[in-house]
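Here's the structure we're looking at; comments come further down.
In the text below, chain A, chain B and the rest are named by the order of the sequence lines, each starting its count at 1.
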Number of protein chains: 2
Amino acid sequence: MACQEYFVRQLHAHGLRLTPQRELVLNVMHQLEAPATAEEIYARVHALSASVDISTVYRTLELFQEFNLVAAFDPGDGIRRYEHLGVEAPHHHLVCRACGKVTQVALEELQPLIAHLTAASGFVADAVALTIPGLCAVCATASETPL
Amino acid sequence: MACQEYFVRQLHAHGLRLTPQRELVLNVMHQLEAPATAEEIYARVHALSASVDISTVYRTLELFQEFNLVAAFDPGDGIRRYEHLGVEAPHHHLVCRACGKVTQVALEELQPLIAHLTAASGFVADAVALTIPGLCAVCATASETPL
DNA sequence: CTGGTTGCAAACTTTTTGCAGCGTC
DNA sequence: GACGCTGCAAAAAGTTTGCAACCAG
């Protein structure tokens with residue numbers, strides 16, 4: 001859990017403080033196996049400490065994003081998902097436009113392209129969490145039938 | 001404007017009707033040079049016909065998405081953008097996590113990868129509108145200074 | 001005519017904000 | 001002890017929905 005340490009250092013560097021709530025949210029983010037909504041994260045945090053408020057969860061997630069510990073993305077359904085940016089292999093999200101299912105894929109061939117992009121335009125892409133909209137296998141098949 | 005025709009055919013195929021409002025929204029979508037929010041689209045439609053309601057715009061945009069005429073995505077700021085899926089070259093969106101700026105890039109090398117993805121998993125990715133989160137050149141530079 | 005469509009208004013969901021008290025450093 | 005942080009509650013912003021009248025086919 002090296003990012004725990006990284007987090008504390010970032011806090012200090014910015015004159016901010018380490019609170020139980022922030023530790024709690026960070027721990028919960030570690031446990032996530034898939035991108036989760038603010039409500040889901042709140043539920044997990046709340047289970048560990050009932051007094052934590054959801055507004056604190058939002059504020060903490062925002063902080064994490066600034067420190068690049070967490071990435072946020074929205075499949076397009078208006079509900080933001082948050083995901084821990086760990087040491088896992090870079091991966092991306094296939095988001096089904098019809099059923100909303102989110103699948104993770106490695107797609108490592110993408111990394112060189114992104115690196116090239118950065119070199120060319122100065123745009124620094126986040127390491128992971130590319131969102132690819134489309135139709136999953138099930139819905140793609142289903143959408144052909146009725147036409 | 002072949003998609004006008006496509007649209008009408010899709011409507012008929014689904015037992016739906018062509019209304020002035022739907023034509024209006026489709027025209028506005030054609031005029032867009034960049035992804036626009038529902039509010040922005042509503043503003044343009046409203047300028048053409050003041051009586052059209054924003055709920056109609058939402059309903060119409062949803063319809064367009066079902067017909068694959070329009071793609072929706074969310075840079076992560078909680079505000080959905082809509083974009084016409086036309087005959088333009090496939091392109092993607094660089095979304096700055098700090099300033100929210102959306103830049104379009106061609107990045108054509110990506111298409112083979114996506115095609116490969118489809119073949120492998122059955123997931124049918126939308127032709128355009130990949131959202132790549134990160135930091136734009138300006139914000140990336142700025143974020144290094146204060147640390 | 002029939003049934004899909006619309007505008008209006010109100011409801012809903014998700015996220016943000018103001019503030020007084022609390023707790024970290 | 002100072003100042004950042006929290007919980008609460010209320011507001012804001014974006015989107016959806018119910019319904020009666022409307023109009024395209």
Side chain to side chain contact (heavy atoms under 4.5 Å, CB included) evaluation trace for A:His84 with A:Leu32: CA-CA 8 Å; A:His84 180 243; A:Leu32 291 181; 5.9 Å; no

Worked check of ring pair (Phe, Tyr, Trp, His ring centres under 6.0 Å) between A:Phe64 and A:Tyr82: CA-CA 10 Å; A:Phe64 287 171; A:Tyr82 300 86; 9.9 Å; no

Working for salt bridge (Lys or Arg N to Asp or Glu O under 4.0 Å), residues B:Glu5 and B:Arg9: CA-CA 6 Å; B:Glu5 195 186 320; B:Arg9 209 172 317 166; 2.7 Å; yes

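In terms of position along DNA chain C, the nucleotide closest to B:Gly15 lies nearer the 5' end than the nucleotide closest to the other residue of the pair B:Gly15 and B:Ser55.
Atom CG of B:Asp53 is separated from atom C1' of D:dT15 by 12 Å (rounded to the nearest Å). Counting to the nearest Å, the P atom of D:dA2 and the CZ atom of A:Arg17 are 12 Å from each other. To the nearest angstrom, P of C:dG23 lies 16 Å from CD of A:Glu23. Atom CG of B:Leu18 is separated from atom C1' of C:dT5 by 12 Å (rounded to the nearest Å). Counting to the nearest Å, the C1' atom of C:dT5 and the CG atom of B:Leu61 are 16 Å from each other. Atom CG of A:Leu16 is separated from atom P of C:dG23 by 19 Å (rounded to the nearest Å). For B:Ile54 and D:dT17, the CD1 to P distance is 15 Å, given to the nearest whole Å. For the pair B:Glu62 CD and D:dT17 C1', the computed distance is 12 Å after rounding to whole Å.
Surrounding CD of B:Gln31 are more than 12 heavy atoms belonging to other residues, nucleotides or ligands, all under 6.0 Å away.
Note on A:Thr19: every side-chain N or O is 4.0 Å or more away from OP1 and OP2 of D:dC5. Taking side-chain N and O atoms only, A:Ser51 has no distance below 4.0 Å to OP1 or OP2 of D:dT6. Regarding contacts with the backbone of D:dC5, a side-chain N or O of A:Arg22 is found under 4.0 angstrom from either OP1 or OP2. Note on A:Gln21: every side-chain N or O is 4.0 Å or more away from OP1 and OP2 of C:dG23. The phosphate of C:dT16 has neither OP1 nor OP2 within less than 4.0 Å of any side-chain N or O from A:Tyr58.
Side-chain to base pairing of B:Arg59 with C:dG4: no donor and acceptor N or O lie closer than 3.5 Å to each other. Residue-to-nucleotide contacts include no donor-acceptor pair under 3.5 Å from the side chain of B:Arg80 to the base of D:dG14.
Using a distance-only test at 3.5 Å, with no hydrogens or angles considered, no donor-acceptor pair links the side chain of B:Tyr6 to the main chain of B:Leu69.
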